There are 2 protein chains.
Amino acid sequence: MTDKRRRRLPRSVREQEIIDAALGVFSKRGYRAAVVDEIADLAGISKPMVYLYLGSKEGLFIACVRRESQRLAAAFREAAQAGDSPEQRLWAGLGAFFAFVAEHRDSWVVLHRQAPEQGEAIAQEIADARRSVMAEVNGLVRDGITKGGEADRLGEQEADFVAHALVGAADSLTDWMERHPGEPPERVTVRLMNVMWVGMRNVLAGEVWAPPQPDA
Amino acid sequence: MTDKRRRRLPRSVREQEIIDAALGVFSKRGYRAAVVDEIADLAGISKPMVYLYLGSKEGLFIACVRRESQRLAAAFREAAQAGDSPEQRLWAGLGAFFAFVAEHRDSWVVLHRQAPEQGEAIAQEIADARRSVMAEVNGLVRDGITKGGEADRLGEQEADFVAHALVGAADSLTDWMERHPGEPPERVTVRLMNVMWVGMRNVLAGEVWAPPQPDA
DNA sequence: AAGTAAACTTACTATAGAGTAAGATTAGGT
DNA sequence: ACCTAATCTTACTCTATAGTAAGTTTACTT
């Protein structure tokens, strides 16, 4: 690829390559089953380098989560900035999300598909990452709900609910996309907006759904 | 609890207790980090019994997945049978789902929150479990989409998409419920129906959402 | 009251894999 | 051409834990 034959690289570069390799292995095997030797091999160096640069397996994992979390948040935020209605911002944000996940599946798996009980530090880091994604979406939904600028009484809890539903749906659709490789991310976005946004909009407009009355 | 002092139990009973214990530990730690000795302790016996009855750690995990998958599917299916409109069936099914997850959080975590790459057999079993949940939901959505009984051209793919979004949303709302312990499962169900069903209904009625035209 | 099979235990073996000690190279700076 | 610091390696140690061998104890049958 970059260069044949064992070539020495400056730390800043090698570190990123190690994290790249780790991302692949963690995503494929999960934290516990991932083997540091394999990561080192993939990065083209030997194990002690990993420990010299990243400190420990845990540190390595945290570095992955942190880097990818920032990348995702950046992609999302940047996309959502453009667009001048809440609707457009949500659309752009979701679009960026699907595009990101389609292109960096490993990142998403490491960020959101890990059993987060591998020690305090890791749990903390993953919780932060999720919170940050959720907060981003939550903000957009809030803007969409509070039409105009009125006081949001229960809008707070409502937005959190919808944000969870949205993020979960998006996560799951990530699998759907894998089984429909033809489908471009934009179409997935449009479809999801069709269900969720239309639902939200109409519910806000007063078209509530209520369970069919049991008897009376 | 049942009886003080080391009491011997027939295999059929002890097996279930082992699976109960395993469910808790697998759910808390994840497959790899779960330690068989801890499971044995929790079940009130020694490790060799686990191996005698369940064969291996893998076998133990598979037994958990199989049992809980069937329980969830049964709860879902039973609830969805009652109700005579697609709408009612979906509502009842989702309700059963949230009730199940609220009561057996461990089961859900083991079924849907594991990195499924711990060997062929496990991947297979988890894939089956997920497929079975998805198929159940897919059926209800399909019935909801094909109003009356007309030929479903793209209804097939469409239902699969909506089913994924629904299951993902429900999964994520599982976390939301943990942070809002006051909220009863029925209200969560109603809220989700409000967003998703209303969205679906209106989209089917022709109220499509389209991205705001970029320029022209 | 044996006899016997099922339920259960103690006390191991074996290995995978995280982490490290001690030093060997190589790239640049002077 | 040397010197030095950064890069990198071989070859370990040591622990955790999956899995098992060889019994021991209890309960049920006849």
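Just so it is clear: chains get the letters A, B, ... in the order the sequence lines come, proteins before strands, and each one is counted from 1. Remember, predicted model here, so these are calculated numbers, not experimental data.
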Quick one: which of dT9(C), dC8(D), dT7(D) gets closest to the side chain of S46(A)?
-> dC8(D)

What is the distance from CZ of R14(A) to P of dA5(D), rounded to the nearest Å?
-> 22 Å

If you fit an axis to the five pairs at each end of the helix from dA1(C)-dT30(D) to dT30(C)-dA1(D), how big is the angle between those two axes, to 10 degrees?
-> 10°

Mind calculating the distance between OH (Y31(A)) and P (dA18(C)) to the nearest angstrom?
-> 9 Å

Respond yes when some side-chain nitrogen or oxygen of R11(A) is under 4.0 Å from OP1 or OP2 of dC8(D), and no when none is.
-> no

Which of these nucleotides, dA18(D), dC8(D), dG17(C), is closest to any side-chain atom of L9(A)?
-> dC8(D)

Which part of the nucleic acid, if any, lies within reach of A33(A) when heavy atoms closer than 4.0 Å are counted: base, sugar-phosphate only, or nothing?
-> nothing

Before giving the answer on salt bridge (charged side-chain N to carboxylate O under 4.0 Å, His left out), spell out for D20(A) and R14(A) the whole-Å C-alpha distance, their side-chain angles and the decisive distance to 0.1 Å.
-> CA-CA 10 Å; D20(A) 290 342; R14(A) 190 64 91 187; over 6 Å; no

Pairs of donor and acceptor atoms involving the side chains of residues 69-86 of chain B, under 3.5 Å and at least two apart or interchain, shall be tabulated with distances.
| from | atom 1 | to | atom 2 | distance (Å) |
| --- | --- | --- | --- | --- |
| R71(B) | NH1 | E68(B) | OE2 | 3.3 |
| R77(B) | NH2 | E136(B) | OE1 | 3.4 |
| S85(B) | OG | Q88(B) | N | 3.0 |

Ring centroid separation for W108(A) and F98(A), is it under 6.0 angstrom?
-> no

How close or far is atom P of dA18(D) from atom CD of Q118(B), stated in whole angstroms?
-> 12 Å

Under 3.5 Å, is there a donor-acceptor pair linking the side chains of R67(A) and Q16(A)?
-> yes

To the nearest Å, how far apart are E17(A) CD and dT7(D) P?
-> 13 Å

Rounded interatomic separation in angstrom, taking CD1 from I45(B) and P from dA6(C) | 17 Å

Side-chain contact, heavy-atom cut-off 4.5 Å: H180(B) with W176(B)?
-> yes

Nearest-0.5 Å distance that lies between atom CG in L166(A) and atom CE in M200(A) | 8.0 Å

So what does A34(B) touch, heavy atoms closer than 4.0 Å: a base, only the sugar-phosphate, or nothing?
-> sugar-phosphate

Whole-Å distance, L54(A) CG to dT20(C) P, equals 14 Å

Just by distance, with hydrogens left out, do E87(B) and W209(A) show a side-chain donor and acceptor under 3.5 Å apart?
-> yes

Determine whether the side chains of Q157(B) and R191(A) contain a donor N or O and an acceptor N or O closer than 3.5 Å.
-> yes

Quickly work out the D41(B) CG to dT10(C) P distance and round it to whole Å.
-> 11 Å

Would you tell me if any nitrogen or oxygen in the side chain of R32(B) comes within less than 4.0 Å of OP1 or OP2 on dG17(C)?
-> yes

So, H164(B) and R179(A): side-chain donor and acceptor under 3.5 Å apart, yes or no?
-> yes

In whole angstroms, how far is the P atom of dA6(D) from the CG atom of L52(A)?
-> 11 Å

Annotated protein contacts, base or backbone, on nucleotides 20-26 of chain D with a non-hydrogen cut-off under 4.0 Å, one of B, S, - each | BB---BB

